[in-house]
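Taking it in order: structure first as structure tokens, then the write-up.
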Amino acid sequence: MSKRGDELLRSRRLKLDRLVARGVDPFPPRFNRSHTTAEAAAALTAGPAGPDGIGTDVEGVEVSVAGRMIRMRSMGKASFADIEDSEGHLQLFMRQNTLGDDYALLDDLDLGDFVGATGTMMRTRTGEVSVEVQSVMLLAKALRPPPEKFHGLRDVEQRYRQRYLDLIANRDVHATMRARSRIVSAIRAFFDSRGYLEVDTPVLVPVPAGAMAQPFITHHNALDRQLYLRIATELYLKRLIVGGMDKVYEIGRVFRNEGIDADHNPEFTLLESYEAYADYNDIMRLVETLVPQIAQETTGSTTVTYEGVELHLAGPWPRVSLHEGVKEHAGIDLNDYPDAESLANKMRELGVPATYAESRGRLIDKLVGTYVEPKFIQPTFLVDYPVEMSPLAKAMPADPRYAERFEAFAAGMEIANSFTELNDPGVQKARFVEQEELRKRYQGEDLDRMDEDFITALEHGMPPTGGLGIGIDRLVMLITGQQSIRDVLLFPQTRSTQPLPDADDDEDEEPEAEA
RNA sequence: GCCCCCAUAGCUCAGUUGGUUAGAGCGCCUGACUUUUAAUCAGGGCGUCACAGGUUCGAGUCCUGUUGGGGGCACCA
């Protein structure tokens with residue numbers, strides 16, 4: 001402990017020592033709580049409803065409540081303390097002539113301590129729902145001070161790295177994380193009710209395939225081989241479709257070794273679902289049903305406010321073909337530029353940065369990202385992607401330059417990606433080969449990887465299938481109105497994993513000058 | 001990976017053109033107060049100005065580097 005920290009902890013440690021000297025266990029194993037703070041408040045107002053619809057007070061309800069002490073107001077021989085649990089907070093009213101000798105315990109309590117109190121529900125002169133405390137006990141001593149009670153904790157570094165302090169100081173973080181939990185539960189219920197089976201596929205994989213992304217690399221000692229953290233669940237879920245599991249989904253963490261910003265975290269939660277005998281049109285209907293339904297179930301509305309704009313999530317959502325979207329917003333007819341070189345020339349002519357070291361797919365992605373995606377504030381499906389951007393999607397029979405693929409956008413953010421799955425093993429193999437060739441030609445681009453075992457699986461036959469991927473973190477951002485992925489992740493990645501400044505004494509550091 | 005910005009007390013923040021001993025509120029300590037609500041009142045203590053160098057008679061303030069954080073670009077979902 002640093003000298004500075006020692007100063008700050010001294011009074012709390014002194015109180016701890018005094019308590020121990022008096023025979024008080026500062027960390028007792030058990031407290032029998034009868035009511036949460038919310039239940040205790042509800043118990044008081046459980047009487048018959050008056051004309052205003054609010055329940056009348058019930059006299060003398062006995063409760064045992066517990067929580068973290070977040071505020072303390074001592075008037076000498078009477079004190080008020082506010083305790084907080086995950087549901088809310090509640091005032092304790094403690095008087096010396098009721099508590100007797102136990103009243104002295106309050107001298108050794110600090111903000112942040114966990115306390116348990118037993119007493120009867122009452123209302124103070126000013127109408128505050130309170131517990132008139134008959135007995136109070138310390139449940140856990142806090143040896144470090146909590147963040148400031150009024151302004152809360154603002155420092156973003158500390159908020160992310162010591163999320164527990166953020167949760168203590170900023171209650172709205174609880175609400176966001178609770179919403180996230182409800183959203184995930186609602187998604188599970190949605191798929192479960194439609195006959196989908198939730199499955200778990202490997203996180204450690206021999207080939208990081210199924211998406212275009214840089215993998216994290218690791219090593220298995222006993223096998224002495226390189227393994228990767230998955231970048232997608234796609235190819236394993238399709239193997240299950242081959243195996244006859246006709247409707248499967250997985251909600252899992254995937255890992256991409258790429259940049260960190262307001263909407264990218266190196267590990268994020270991806271929902272993927274696959275349904276045999278469905279195509280991307282079916283999946284569009286699924287998505288425009290799923291998203292508003294989840295919003296309705298978790299927020300009570302299909303309208304959400306994001307960056308000050310009302311987004312109407314209720315379907316159906318408009319479909320815009322990628323070809324038309326690029327023609328309208330970028331002024332380029334992709335069909336006139338069938339190769340990377342001619343497209344790059346056209347883009348440079350229009351002042352869009354484009355190099356000859358970029359593949360056609362990547363150039364199109366750039367056009368879409370620059371001109372088209374930002375237009376999609378209200379939920380929109382962008383449909384029919386060029387085949388070279390979609391190595392796992394089935395080509396459109398009417399125009400094989402394009403694939404039966406869509407991405408869904410809202411608030412200018414991609415929230416879903418889906419296609420009619422490519423199930424022809426020969427074509428799939430050729431697409432993988434093409435990806436590997438593009439990788440050699442356009443170094444630095446993320447491309448998909450050959451997965452021979454997956455080809456073998458397809459050779460055993462995969463029925464026509466509609467697949468879907470939804471970034472859960474972004475969906476949570478959308479529904480909860482958060483503008484940073486860090487605010488929907490409990491423990492977002494930070495730049496460094498170095499120990500906190502006041503935790504460094506456990507390290508083998510150079511001795512201090514005075515030592 | 002590149003560019004820009006930020007870092008002052010446990011927390012939230014001031015700190016003038018480089019000028020004496022770095023301030024406020026909350027929290028903390030002492031005292032008063034038996035219905036308070038960010039309780040109030042009186043008194044008190046608190047700092048490696050992120051870290052390491054440099055310029056200067058003098059640095060929280062200017063310069064360089066490092067670390068951490070934020071924003072933007074690139075990459076991606």
Side-chain angles (χ1 to χ4, degrees), chain A residues 2-12 14-15 70-82 89 91-99 103 107 110-112 122-130 132 142-161 165 168-169 211-214 231-232 254-272 353 358 362 365-366 369 373 407-409 413-417 444-446 469-475 477 484-486 492 494-502 512-513:
Chain A
S2 70
K3 271 186 277 186
R4 188 175 60 194
D6 226 19
E7 289 289 332
L8 292 158
L9 304 192
R10 185 164 296 154
S11 80
R12 284 169 187 259
L14 277 172
K15 289 174 183 176
I70 55 167
R71 282 183 292 269
M72 176 73 154
R73 296 173 293 283
S74 172
M75 341 301 304
K77 295 184 179 63
S79 296
F80 298 87
D82 297 331
H89 54 87
Q91 176 169 274
L92 305 181
F93 178 38
M94 294 169 285
R95 290 194 283 189
Q96 189 173 51
N97 58 3
T98 310
L99 286 175
Y103 194 75
D107 290 338
D110 289 295
L111 297 187
M122 52 89 72
R123 208 178 271 278
T124 63
R125 194 175 288 168
T126 53
E128 179 78 15
V129 173
S130 308
E132 171 134 46
L143 292 172
R144 291 175 186 266
E148 204 244 18
K149 67 184 178 185
F150 185 59
H151 294 95
L153 184 68
R154 299 272 174 80
D155 180 55
V156 288
E157 177 183 357
Q158 208 168 10
R159 285 189 53 224
Y160 298 143
R161 292 178 66 166
L165 293 180
I168 291 167
M212 301 179 181
Q214 290 296 319
I231 58 173
V254 299
F255 307 84
R256 297 189 184 176
N257 203 341
E258 288 156 358
I260 299 171
D261 63 27
D263 42 34
H264 295 87
N265 197 66
E267 52 181 298
F268 64 102
T269 301
L270 183 63
L271 159 74
E272 287 196 37
E358 293 175 293
R362 170 134 153 191
D365 199 43
K366 196 176 266 189
E373 287 180 19
E407 292 193 1
F409 297 89
M413 212 166 37
E414 182 191 335
I415 57 169
N417 181 21
E445 281 193 32
D446 290 334
I470 292 182
I472 295 298
D473 312 280
R474 290 189 179 174
L475 185 64
M477 287 168 67
S484 172
I485 196 169
R486 297 185 189 92
T494 51
R495 197 174 296 245
S496 166
T497 53
Q498 284 185 354
L500 292 162
D502 62 357
E512 310 240 341

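Residue numbering restarts at 1 for every chain, and letters A, B, ... go by the order of the sequence lines. Predicted model only: the values in this text are computed from it and were never measured.
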Practice task
Figure out the CG/C1' separation between A:N257 and B:G1, and round it to whole Å.
Solution key: 12 Å
Exercise for the section: Provide the distance between the two C1' atoms, one in B:A77 and one in B:A22, to the nearest whole Å. Expected result: 48 Å
Practice task
For the pair A:R474 (side chain) and A:I415 (backbone), establish whether a donor and an acceptor sit closer than 3.5 Å, ignoring hydrogens and angles.
Solution key: no
Practice task
Output the distance between atom CG (A:D446) and atom CD (A:E258), rounded to the nearest 0.5 Å.
Solution key: 5.0 Å
Problem - Base-pairing assignment for B:G43 (Watson-Crick or G-U wobble, both under 3.5 Å) - result: B:C29
Practice task
Classify the nucleic acid contact of A:G469 as base, sugar-phosphate or nothing, counting any heavy atom under 4.0 Å across all strands shown.
Solution key: nothing
Problem - Electrostatic pair A:D82-A:R73, nearest N-O below 4.0 angstrom - result: yes
Practice task
Could you work out the separation of B:G19 and B:C33 based on their P atoms and round it to a whole Å?
Solution key: 48 Å
Handout entry: Side-chain donor/acceptor of A:D473 to backbone N/O of A:T269, under 3.5 Å
Key = yes
Problem - N/O (side chain, A:R95) to phosphate O (OP1/OP2, B:U35) under 4.0 Å - result: no
Practice task
Taking only the side-chain heavy atoms of A:K15 (C-beta and beyond), determine which of B:C29, B:C75, B:A77 contains the nearest atom.
Solution key: B:C29
Exercise for the section: Applying salt bridge (charged side-chain N to carboxylate O under 4.0 Å, His left out), name anything that partners A:R159, two or more places apart in sequence or on another chain. Expected result: A:D166, A:D487
Exercise for the section: Quickly work out the A:M94 CE to B:U35 P distance and round it to whole Å. Expected result: 14 Å
Exercise for the section: For nucleotides B:C29 and B:C62, find the distance between their P atoms and express it as a whole number of Å. Expected result: 37 Å
Handout entry: A:R486 side-chain N/O to B:G71 phosphate OP1/OP2 under 4.0 Å
Key = yes
Practice task
Mind listing the closest non-hydrogen atom pair of A:I168 and A:P147 along with its distance?
Solution key: CG2-CD, 4.4 Å
Fill in the blank from the handout: Considering only heavy side-chain atoms of A:R161, the closest of B:G68, B:G70, B:C75 is B:G68
Exercise for the section: Report the nucleotide, chosen from B:A77, B:C29, B:C75, that has the shortest atom-to-atom distance to any side-chain atom of A:R256. Expected result: B:A77
Practice task
Could you please name the option among B:G70, B:C75, B:A77 that lies closest to any side-chain atom of A:R474?
Solution key: B:A77
Exercise for the section: Please determine if a side-chain N or O atom of A:R123 lies less than 4.0 Å away from the OP1 or OP2 oxygen of B:U35. Expected result: no
Exercise for the section: Take A:A262 and A:E128, find for each the nucleotide of RNA chain B with the closest heavy atom, and name the residue whose nucleotide sits nearer the 5' end. Expected result: A:E128
Practice task
For B:G54 versus B:A59, give the span between their C1' atoms, rounded off to a whole number of Å.
Solution key: 11 Å
Handout entry: Nearest-angstrom distance, P atom, B:U66 to B:C2
Key = 10 Å
Exercise for the section: Check every atom of B:C13, B:A74, B:U36 against the side chain of A:T124 and return the nucleotide holding the closest atom. Expected result: B:U36
Exercise for the section: Find the distance A:H89:NE2 to B:A38:P and express it as a whole number of Å. Expected result: 10 Å
Practice task
Look at the side chain of A:D261 and decide which nucleotide, out of B:U34, B:A74, B:G68, has an atom nearest to it.
Solution key: B:A74
Fill in the blank from the handout: Whole-Å distance, A:R154 CZ to B:A14 P, equals 11 Å
Handout entry: Presence of donor-acceptor pair under 3.5 Å, side chain of A:Q91 and base of B:U36
Key = yes
Handout entry: C1' atoms of B:A38 and B:U17, separation to the nearest Å
Key = 38 Å
Fill in the blank from the handout: Looking only at B:C28, B:U36, B:A77, the nucleotide nearest the A:S11 side chain is B:C28
Practice task
Sticking with atom P, work out how far B:U30 lies from B:G23, rounded to a whole angstrom.
Solution key: 25 Å
Exercise for the section: Please report, rounded to the nearest Å, how far the C1' atom of B:C75 is from the CD1 atom of A:I260. Expected result: 12 Å
Please enumerate all protein N or O atoms sitting under 3.5 Å from an N or O of nucleotides 30-33 of chain B, with distances to 0.1 Å.
| unit_1 | atom_1 | unit_2 | atom_2 | d |
| --- | --- | --- | --- | --- |
| B:C33 | N1 | A:M75 | O | 3.4 |
| B:C33 | N3 | A:S74 | O | 3.4 |
| B:C33 | N3 | A:G76 | N | 3.3 |
| B:C33 | N4 | A:G76 | N | 3.4 |

Handout entry: Closest to side chain of A:S130, choosing from B:G68, B:U36, B:U35
Key = B:U36
Handout entry: Atom pair distance, as rounded to whole Å: CD in A:E258 and P in B:C73
Key = 16 Å
Practice task
Could you work out the separation of B:C46 and B:C28 based on their C1' atoms and round it to a whole Å?
Solution key: 9 Å
Exercise for the section: Taking the side chain as every heavy atom from C-beta outward, state whether A:R71 and A:Q91 have any atom pair closer than 4.5 Å. Expected result: no
Problem - Separation of A:R123 CZ from A:E128 CD (nearest 0.5 Å) - result: 8.5 Å
Handout entry: Base-pairing mate for B:C2 - Watson-Crick or G-U, with both contacts under 3.5 Å
Key = B:G72
Exercise for the section: Measure distances between side-chain N and O atoms of A:R73 and base N and O atoms of B:U36, and say whether any donor-acceptor pair falls under 3.5 Å. Expected result: yes
Handout entry: Closest non-hydrogen atom pair, A:S130 against A:F93
Key = CB-CB, 4.4 Å
Problem - Separation of B:A77 C1' from A:F255 CZ (nearest whole Å) - result: 15 Å
Fill in the blank from the handout: Judged by nearest nucleotide, the residue sitting upstream toward the 5' end of RNA chain B, A:G127 or A:A211, is A:G127
Completion exercise
Any strand, both distances under 3.5 Å, Watson-Crick or G-U wobble: B:U55 pairs with none
Problem - Residue-phosphate contact under 4.0 Å: A:Q158 side-chain N/O, B:G69 OP1/OP2 - result: no
Completion exercise
Against the side chain of A:D155, the closest entry in B:C75, B:U12, B:A77 is B:U12
Exercise for the section: Measure the CG-CD1 distance between A:N265 and A:I260 for me, rounded to the nearest 0.5 Å. Expected result: 6.5 Å
Practice task
Report yes or no: is the ring centroid of A:F80 under 5.5 Å from the six-membered base ring centroid of B:A39, with the two planes under 30 degrees?
Solution key: no
Practice task
Measure from NZ on A:K366 to P on B:C73 and round the result to the nearest Å.
Solution key: 13 Å
Practice task
Under 4.0 Å between any heavy atoms, over every strand shown, what does A:M212 touch: base, sugar-phosphate, or nothing? Just pick one.
Solution key: sugar-phosphate
Exercise for the section: Tell me what A:G471 touches on the nucleic acid: a base, only sugar-phosphate, or nothing, going by heavy atoms under 4.0 Å. Expected result: nothing
Problem - A:P147, nearest nucleotide to its side chain (from B:C11, B:A77, B:C29) - result: B:C11
Handout entry: CG-CZ distance between A:D110 and A:R144, expressed to the nearest 0.5 angstrom
Key = 14.0 Å
